[in-house]
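I have placed the structure first, in the form of structure tokens, so that the comments after it can refer back to it.
These figures come from a predicted structure and were not determined experimentally. Computed from heavy atoms alone, side chains included, the values below leave out hydrogens, waters and symmetry copies. In the text below, chain A, chain B and the rest are named by the order of the sequence lines, each starting its count at 1.
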There are 2 protein chains.
Amino acid sequence: MSTTWQDEVAAETRAGGRISDRFIVDKVRAAVLTQRLPPGTRLPEVALGEIFGVSRSVVRKALTRLAADHVVSQQPNQVARVRAPSIEETRETFAARRLVEGEVAALLAGRLDAELLREVATRVEREAEAHARGDEAARIEHSLAIHHLLAEHSPNRVLGVMLTDLILRTSIVIALYKRAGLASCYLAEDHPALLSHLRDGDGEAARRCIHEHLQALEGLLDLSTRETRIDLMAILGQREGAMP
Amino acid sequence: MSTTWQDEVAAETRAGGRISDRFIVDKVRAAVLTQRLPPGTRLPEVALGEIFGVSRSVVRKALTRLAADHVVSQQPNQVARVRAPSIEETRETFAARRLVEGEVAALLAGRLDAELLREVATRVEREAEAHARGDEAARIEHSLAIHHLLAEHSPNRVLGVMLTDLILRTSIVIALYKRAGLASCYLAEDHPALLSHLRDGDGEAARRCIHEHLQALEGLLDLSTRETRIDLMAILGQREGAMP
DNA sequence: CGGCTTGGTTTTGTATACAGAAAACCTGCT
DNA sequence: AGCAGGTTTTCTGTATACAAAACCAAGCCG
């Protein structure tokens with residue numbers, strides 16, 4: 001198994017200020033999101049420790065947190081690996097996110113202050129621009145920012161943190177299962193429509209909008225069961241059924 | 001601050017087989033649920049380690065997990081404490097649980113196999129019996145078991161684990177905010193009604209039933225804002241706003 | 001008398017050492 | 001060549017040591 005990802009992560013290490021478990025969590029999460037750390041990648045504690053210049057204690061805590069976030073899987077006495085959510089779990093994650101984000105959007109409709117509305121509107125524009133010029137990385141960043149804004153400003157904070165988690169998990173599986181030929185998962189009309197519903201205060205319309213948006217997004221993925229992509233992973237020694 | 005809880009936990013330690021972080025997590029969680037560990041209780045790593053006969057490493061991992069479960073709060077460089085959810089968070093937790101458990105019940109309606117239906121039915125009967133004879137501890141156990149059965153058998157496993165978490169959190173706040181005079185939070189008709197809806201396969205009725213059940217349960221709590229119960233806690237040095 | 005400082009004490013953060021489990025590997029046999 | 005078994009190597013689980021930060025209380029100064 002190649003170890004090139006070590007160099008990539010190491011390269012990013014020189015940027016941050018103080019190294020701590022939080023720093024490692026963020027770095028690994030970002031690397032997983034952008035698929036620089038593909039599913040199944042082994043994450044030995046000592047190797048990570050050397051890369052980030054800390055001891056196993058810190059790495060250990062970081063890995064535990066990443067496991068709680070469903071980013072890596074930790075089996076006792078086994079090396080931690082980047083998780084590869086199954087097709088079924090992918091569908092379930094999307095369904096859960098539809099439920100939660102729909103509710104958050106409904107709660108939020110009509111309650112956003114002017115500043116926040118402006119921030120969302122800006123992101124929507126920037127996303128369209130980025131897509132127009134073919135800058136997919138920037139587009140994803142803006143798209144994620146829109147949904148994270150909903151989560152962070154949810155009147156119900158408990159639902160808000162649940163949504164934050166679900167946004168991360170869906171992002172991971174989108175990267176994993178994006179149809180090969182597809183350049184981008186951009187749905188031009190959805191975010192503007194959501195924005196107007198939020199502005200108008202039509203909660204149920206906002207909920208429906210989120211629902212359809214996520215349904216469409218899921219539809220863009222390649223979740224055909226006969227696809228061997230994941231089964232292969234499982235057969236090659238990847239155990240990941242644990243979900244207590 | 002009295003240290004009697006140490007003895008109580010220590011007394012239970014002699015039962016289990018191998019001591020590990022899982023064991024500690026379960027013990028502490030149970031103790032919090034039954035309020036033998038009241039909110040705000042300090043949980044120093046060395047003390048727990050001595051009680052369970054393990055070193056700080058294991059305790060540390062256990063505390064991290066308990067923090068992820070929202071049972072304790074962990075601030076950097078500060079001793080872990082049993083969390084005291086605010087009144088606002090209590091309301092939000094109930095709202096989240098209504099949303100999630102309602103959906104799970106709706107998904108589950110008509111899909112339960114005979115064995116599971118029988119198990120739920122048994123629990124419903126046992127709960128009524130326990131309440132009739134005034135055995136509140138047993139009643140709570142059966143009531144919890146009913147909801148946990150829903151969570152464990154949720155067709156959507158992602159929602160299932162989310163529900164498990166929410167059941168724990170609501171149980172904690174129920175114990176915390178139960179109206180002083182109230183002997184029990186028993187709602188005689190709710191669980192039987194839910195059972196029949198699940199049996200009949202009427203998903204929307206089951207969702208409504210769950211919704212009303214939890215609403216009624218929340219109504220039994222004392223969540224009056226002027227109540228100083230929690231503010232006192234906060235003033236006495238209890239910081240717990242962190243919810244990233 | 002109140003607020004601030006200043007020690008000692010407690011408690012966590014991090015690194016490291018050693019033991020045991022799992023995996024990889026290599027060898028010898030069929 | 002294929003496989004079995006044991007050996008080595010890697011990696012995690014746990015305990016422990018030391019450093020730094022927070023806590024507490026007594027004392028000092030305005």
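- Annotation for B:Q35: atom CD counts as buried by contact number, over 12 foreign heavy atoms lying within 6.0 Å.
- The separation between A:R60 atom CZ and D:dA15 atom C1' is 12 Å, rounded to whole Å.
- Rounding to whole angstrom units, CD of residue A:Q75 and P of D:dT12 are separated by 13 Å.
- Between the CD atom of A:E50 and the C1' atom of D:dT10 there is a distance of 13 Å, rounded to whole Å.
- In terms of modelled atom types and a separation under 3.5 Å, the side chain of A:N156 and the main chain of B:E92 share a donor-acceptor contact.
- To the nearest angstrom, P of D:dA15 lies 13 Å from CZ of B:F52.
- Atom CG of A:L63 and atom C1' of D:dG13 are 14 Å apart (whole Å).
- Fit an axis to the five pairs at each end of the helix from C:dC1-D:dG30 to C:dT30-D:dA1 and the two axes sit 20° apart, to the nearest 10 degrees.
- The listed nucleotides are D:dA15, C:dT16, D:dG13; the one nearest the side chain of B:S55 is D:dA15.
- Straight-line distance from the CG atom of B:L48 to the C1' atom of C:dT12: 13 Å, rounded to whole Å.
- At whole-Å resolution of the value, CZ in A:R81 and C1' in D:dT10 are 13 Å apart.
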Name the pairs: protein N/O against N/O of nucleotides 8-11 of chain C, kept only if under 3.5 Å.
{"residue": "C:dT11", "atom": "OP1", "partner": "B:R42", "partner atom": "NH2", "Å": "3.1"}

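- Using modelled atom types, one finds no donor on one side chain facing an acceptor on the other under 3.5 Å when comparing A:R22 with A:S20.
- Judged by distance alone, with hydrogens and angles left aside, the side-chain atoms of A:T164 form a donor-acceptor pair with the main-chain N or O of A:G160 at under 3.5 Å.
- Of the residues listed (B:R97, B:R98, B:H147), the one engaging B:T170 in a side chain to side chain donor-acceptor pair (under 3.5 Å) is B:R97, and it is the only one.
- Nearest heavy atoms, A:G219 versus A:R179: O-NH2, 3.2 Å.
- B:R169 and B:E89 are joined by a salt bridge, as a carboxylate oxygen and a charged side-chain nitrogen come within less than 4.0 angstrom of each other.
- The CG atom of A:D165 lies 9.0 Å from the OG1 atom of A:T93; values are rounded to the nearest 0.5 Å.
- The side chain of A:S57 lies closest to C:dA15 when the candidates are D:dA15, C:dT14, C:dA15.
- Salt-bridge annotation for B:R139 and B:E136: present, with a side-chain N of the basic residue lying under 4.0 Å from a carboxylate O of the acidic one.
- Side chain of B:R56, nearest nucleotide from C:dT12, C:dA21, C:dC18: C:dT12.
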